[in-house]
Every structure is written in structure tokens, then in C-alpha cells.
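Right, one structure below, let's go through it.
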Amino acid sequence: MKTLIVTLIIASILQTTIIPINLVLMILICRAYITSDKANLYLAFIFGLLIAHLNFNNLGIESIVYLIVVLATWLLSRLRLAGNSLLIVPVAFVLLSADQLAGFYLTHQAFNFPKVIIASFLSLPMLYLVRAWEEYFIGQKDIKLKF
């Protein structure tokens, strides 16, 4: 979890300075698609505050949007079709478009459609990276030995 938080901090700094793609939300969508953990909601709220602070936006609006997007991803990941990894592209497209629409209506930011398309196609390799990280490097607490 510590490495994920450091990764999200670095992604939020890159997102607000260099890369115009919403990296933090992509990582949170991919993690919520893979694992149904309550920590995803905490991460969404905290990093929504951080992104709003770094972009000089009103605090709270971005956090609520991130919470809704992560919760919608968690609900969509419980469907039967969610076992297909390619489904993350349309899911990310819809959710990132909803994030852009919320930014357009609530904070009067410009709606950037090419950014949504690029981010939705980049969500597939991001899903594989997050899945590899969660499967191979994070220890499972559910393992119990029987005597």
C-alpha cells in the first residue's frame, strides 16, 4: 500500500505539471476494477483533494467525482463480463468522460475529448501493470495454514 501511495503521489505531480492525462484516476479505476477494497475509496478521496489542491480548484468537488467514479468502477467490476480485460477500455472511456463532464459543469474547465480517448486506450496497459503489481508483489492476508 505504501508503494501505491507513493506511485499515486508521483502520478498526481506528473498529472498537474507535465502530462495532461488524468493518471491518478486511471490508476484508481484499474485498481478498483481488480480489487474490491475499501481502501480504494479512501485513496480516491485523498487524492481527489490533492489533485484539486495542486490544480488550484475548489476542494471537495474533485474528491466527490473521484469517489463516484471509483464506486461505479467497483459496481461494474462485479458484473459477469468483468472477467474480460478488454472491457476496461470502454469502462474507462465512460468514466473518464463523466469526469470531464463533471469538470466542465462544476468547475468550468474545457472538455478535452482527445485526452479522454488517449487515456481510455492507455488504461489497458495500466490495468495489466496494476494487476501484475497486485498479484506478484502484494502479499495476501487470506492465507492460513492448517495443522
Side-chain angles (χ1 to χ4, degrees), residues 1-140:
M1 184 62 105
K2 293 176 189 175
T3 310
L4 178 66
I5 292 172
V6 171
T7 304
L8 286 171
I9 289 172
I10 292 170
S12 63
I13 292 171
L14 287 175
Q15 171 184 331
T16 56
T17 56
I18 299 171
I19 302 172
I21 298 172
N22 202 343
L23 292 174
V24 174
L25 191 59
M26 283 176 39
I27 293 171
L28 289 174
I29 287 172
C30 291
R31 188 165 192 277
Y33 194 76
I34 294 170
T35 62
S36 60
D37 192 11
K38 190 182 251 188
N40 292 333
L41 297 174
Y42 295 129
L43 290 171
F45 183 76
I46 291 169
F47 283 99
L49 286 176
L50 180 66
I51 293 296
H53 177 70
L54 291 175
N55 283 333
F56 300 112
N57 290 339
N58 295 333
L59 293 177
I61 294 173
E62 198 80 25
S63 296
I64 292 171
V65 171
Y66 277 22
L67 280 172
I68 292 170
V69 166
V70 168
L71 188 62
T73 306
W74 177 72
L75 290 174
L76 289 173
S77 70
R78 300 189 75 182
L79 295 175
R80 181 176 288 173
L81 293 175
N84 189 358
S85 297
L86 295 176
L87 190 65
I88 191 68
V89 176
V91 167
F93 177 76
V94 169
L95 294 174
L96 290 170
S97 297
D99 175 54
Q100 285 285 318
L101 281 173
F104 178 72
Y105 286 119
L106 297 175
T107 60
H108 304 293
Q109 295 175 353
F111 186 83
N112 196 350
F113 191 69
K115 182 169 73 170
V116 172
I117 292 175
I118 292 170
S120 63
F121 282 114
L122 287 177
S123 65
L124 185 62
M126 185 78 66
L127 175 75
Y128 288 130
L129 287 173
V130 171
R131 182 177 286 161
W133 180 261
E134 290 287 327
E135 287 178 359
Y136 296 118
F137 298 115
I138 305 296
Q140 300 293 329

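Not measured: the values here are computed from a predicted model.
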Leu25 and Phe47, any side-chain heavy atoms less than 4.5 Å apart
no

Is Ile27 close to Leu4 at the side-chain level, that is, under 4.5 Å between some pair of heavy atoms?
yes

Taking the side chain as everything from C-beta on, heavy atoms only, tell me whether Ile5 gets closer than 4.5 Å to Ile9.
yes

Which pair of heavy atoms, one from Cys30 and one from Ser123, lies closest together, and at what distance?
SG-O, 3.6 Å

Hey, what do you get for CG (Leu76) to CG (Leu71), rounding to the nearest 0.5 Å?
10.0 Å

With a 4.5 Å limit on heavy-atom distance, are the side chains of Leu96 and Met26 in contact?
yes

Find out whether Tyr128 and Pro125 are in side-chain contact, i.e. whether some heavy atom of one side chain is under 4.5 Å from a heavy atom of the other.
no

Taking C-beta and beyond as the side chain, do Gln109 and Asn57 meet within less than 4.5 Å on heavy atoms?
yes

Are any non-hydrogen side-chain atoms of Leu28 and Leu8 less than 4.5 angstrom apart?
yes

Atom CD1 of Ile29 and atom CG of Leu95: how far apart are they, to the nearest 0.5 Å?
5.0 Å

Where the side chain of Gln100 meets the backbone of Phe113, is there a donor-acceptor pair that is under 3.5 Å apart?
no

The side-chain hydrogen bond (donor to acceptor under 3.5 Å, both in side chains) partners of Ser85 (sequence neighbours excluded) come to Arg131

Inspect the surroundings of CZ in Phe111 and state if more than 12 heavy atoms from other residues, nucleotides or ligands are less than 6.0 Å away.
yes

All side chain to side chain contact (heavy atoms under 4.5 Å, CB included) counterparts of Leu86, not counting sequence neighbours:
Asn84, Leu124

Looking at Ala44 and Val70, what are the two nearest heavy atoms and their distance?
CB-CG2, 3.7 Å

Could you give the distance from CH2 (Trp74) to CG (Leu41), rounded to the nearest 0.5 Å?
8.5 Å

Kindly compute the distance separating CG (Leu127) from CG (Leu122), expressed to the nearest 0.5 Å.
12.5 Å

Hey, is the main chain of Leu49 close enough, under 3.5 Å, to the side chain of Ser63 for a donor-acceptor pair?
yes

About how many Å separate CG of Leu23 and CD1 of Ile13, when rounded to the nearest 0.5 Å?
12.0 Å

Determine which pairs satisfy side-chain hydrogen bond (donor to acceptor under 3.5 Å, both in side chains) with at least one residue from residues 11-37, sequence neighbours left out, and list them in order.
Gln15-Asn22, Asn22-Tyr66, Asn22-Asp99, Arg31-Asn40, Arg31-Glu134

Please report the interatomic distance CD1(Ile64) to CG(Leu59), rounded to the nearest 0.5 Å.
11.0 Å

